[in-house]
Amino acid sequence: MELCLMHCPKEFGKVGYLTIDERWVEPGDTQRRPGLHIEAHCDVLAEDAEVRSSGDASPDDAPPARRIWGKRRRDILTIEGGHFLASNVSASCRVCDCVLRDPCSVVGPHGSVEHLRSLLFDAPTDAGRRAARRKDDGDSGDEHGASSRKTLAAHELVWMTDRTPHEALPTRKRVFRQFFRLVTSNVTVW
């Protein structure tokens, strides 16, 4: 946790949310929720919008316009909010190196973005197109130009936002997996 807080010093003294999940995982299963997803709670937003439009809620009871799960901001020098995760088992989690700008327009129930898999993993990116041009010019470059994704090694700590697509991966053999997640203080829905 100290390593996480070193990257988010504004979180010292605030309440965060810690998940530790330790258990046996059978071959072909995932410990955590399967499928490509984000943590933003857009399905809750849709339910709130229905309640407001039906007149069942007063304006004073209206929830915020955007529910957040760990305020996030990342620029070249700053990591602010979001959440950190790690596991003791290699190749049991994959994270996309992207952030969905308007997640509520594309996210399915419970944060699912499974329908975006081919776009995130197969569609050429600008960086991929540049790499392909370099390859045509004799540079090895990126083979397919798909969105960058990272399969985590054992004990590798990663930071991401609530709009970063990620997925738990099935294990190849029976393993005792330890999962760690620290969500920073700015949470409106848990």
Side-chain angles (χ1 to χ4, degrees), residues 1 3-4 7 16-47 67-70 72 74 79 81-125 127-128 131-132 140-184 187 189-190:
M1 291 199 13
L3 182 59
C4 298
H7 292 287
Y17 302 87
L18 178 63
T19 301
I20 296 176
D21 186 354
E22 301 178 310
R23 60 184 146 135
W24 286 101
V25 182
E26 299 301 322
D29 287 344
T30 62
Q31 179 187 26
R32 307 293 296 173
R33 120 171 99 151
L36 193 60
H37 63 277
I38 63 170
E39 301 299 338
H41 291 273
C42 293
D43 50 337
V44 173
L45 276 175
E47 291 171 18
R67 302 278 180 139
I68 54 176
W69 197 70
R72 68 265 176 239
R74 185 180 102 181
I79 292 176
H83 56 281
F84 297 86
L85 61 89
S87 156
N88 68 324
V89 177
S90 288
S92 60
C93 182
R94 181 171 33 223
V95 178
C96 293
D97 185 17
C98 68
V99 174
L100 300 180
R101 286 187 189 156
D102 183 13
C104 295
S105 67
V106 295
V107 173
H110 308 292
S112 175
V113 291
E114 189 62 42
H115 58 286
L116 300 178
R117 181 178 295 278
S118 63
L119 292 172
L120 292 170
F121 291 158
D122 300 332
T125 62
S140 60
D142 180 10
E143 289 181 20
H144 48 73
S147 174
S148 177
R149 64 231 176 241
K150 170 86 173 146
T151 301
L152 301 183
H155 311 289
E156 183 175 3
L157 181 67
V158 67
W159 174 87
M160 62 186 185
T161 77
D162 63 345
R163 299 175 299 148
T164 301
H166 60 285
E167 63 183 330
L169 299 173
T171 60
R172 295 181 198 165
K173 60 182 182 179
R174 187 173 194 253
V175 295
F176 188 78
R177 185 171 187 251
Q178 298 170 316
F179 172 82
F180 163 88
R181 176 179 56 206
L182 176 64
V183 179
T184 58
V187 177
V189 175
W190 186 257

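All values below come from the heavy atoms of this structure, side chains included, with hydrogens, waters and symmetry mates left out. Just so we're clear, the structure is a prediction, and the values are computed from it rather than from any experiment.
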Side chain to side chain contact (heavy atoms under 4.5 Å, CB included) between Leu85 and Met160: does it pass, once the steps are laid out? CA-CA 8 Å; Leu85 61 89; Met160 62 186 185; 3.1 Å; yes
State, with a plain yes or no, whether a side-chain heavy atom of Phe179 is found less than 4.5 Å away from one of Arg32. yes
Shortest non-hydrogen contact between Pro103 and Ala40, atoms and distance: CG-CB, 4.5 Å
Can you name the closest pair of heavy atoms from Asp102 and Ser105 and give their distance? O-OG, 2.8 Å
Closest non-hydrogen contact found for His115 with Gly108 is CE1-N, 4.1 Å
With a sphere of 6.0 Å drawn around CZ of Arg33, does it hold more than 12 non-hydrogen atoms of other residues, nucleotides or ligands? yes
Centroid separation under 6.0 Å, is that true for the rings of His37 and His166? yes
Rounded to the nearest 0.5 Å, the OG1 atom of Thr184 sits from the CZ atom of Phe84 at a distance of 7.5 Å
With a 4.5 Å heavy-atom cut-off, do Leu18 and Phe180 have their side chains touching? yes
Count the heavy atoms of every other residue, nucleotide or ligand shown that sit under 6.0 Å from CZ of Arg23, and state whether that count exceeds 12. yes
Does a side-chain heavy-atom distance below 4.5 Å link Leu152 with Ser92? no
Under the criterion side chain to side chain contact (heavy atoms under 4.5 Å, CB included), I'd like the reasoning laid out for Thr164 against Ile38: C-alpha separation, chi angles, the key distance, then a yes or no. CA-CA 6 Å; Thr164 301; Ile38 63 170; 5.9 Å; no
Ignoring hydrogens, what is the shortest heavy-atom contact between Val113 and Pro165? Give both atom names and the distance. CG2-CB, 4.1 Å
Non-hydrogen side-chain atoms of Leu120 and Arg149 separated by less than 4.5 Å: no
In terms of heavy-atom contacts, Thr30 and Pro170 come closest through CG2-N, 3.5 Å
Any side-chain to backbone donor/acceptor pair from Asp162 onto Glu39? Under 3.5 Å, distance only. no
When you check the gap from the basic side-chain N to the acidic O, do Glu167 and Arg117 get nearer than 4.0 Å? yes
Results of side-chain contact (heavy atoms from CB on, under 4.5 Å) for Arg174 - residues two or more places apart only: Trp24, Glu26, Pro27
Does the pair Lys150/Asp97 count as a salt bridge with the N-to-O cut at 4.0 Å? no
Is there a side chain to side chain contact (heavy atoms under 4.5 Å, CB included) between Cys93 and Leu169? Walk through the geometry before answering. CA-CA 5 Å; Cys93 182; Leu169 299 173; 5.8 Å; no
Between CG on residue Leu116 and SG on residue Cys98, distance to nearest 0.5 Å: 9.0 Å
Could you walk me through whether Glu22 and Phe176 pass side chain to side chain contact (heavy atoms under 4.5 Å, CB included), step by step? CA-CA 7 Å; Glu22 301 178 310; Phe176 188 78; 3.8 Å; yes
Would you check if there is a donor-acceptor pair between the side chains of Arg177 and Thr171 at a distance under 3.5 Å? no
Any donor and acceptor pair, going by atom type alone, linking the side chain of Arg181 with main-chain N or O of Thr19 inside 3.5 Å? no
Give the minimum heavy-atom separation between Leu157 and Cys4, together with the two atoms involved. CD2-SG, 3.9 Å
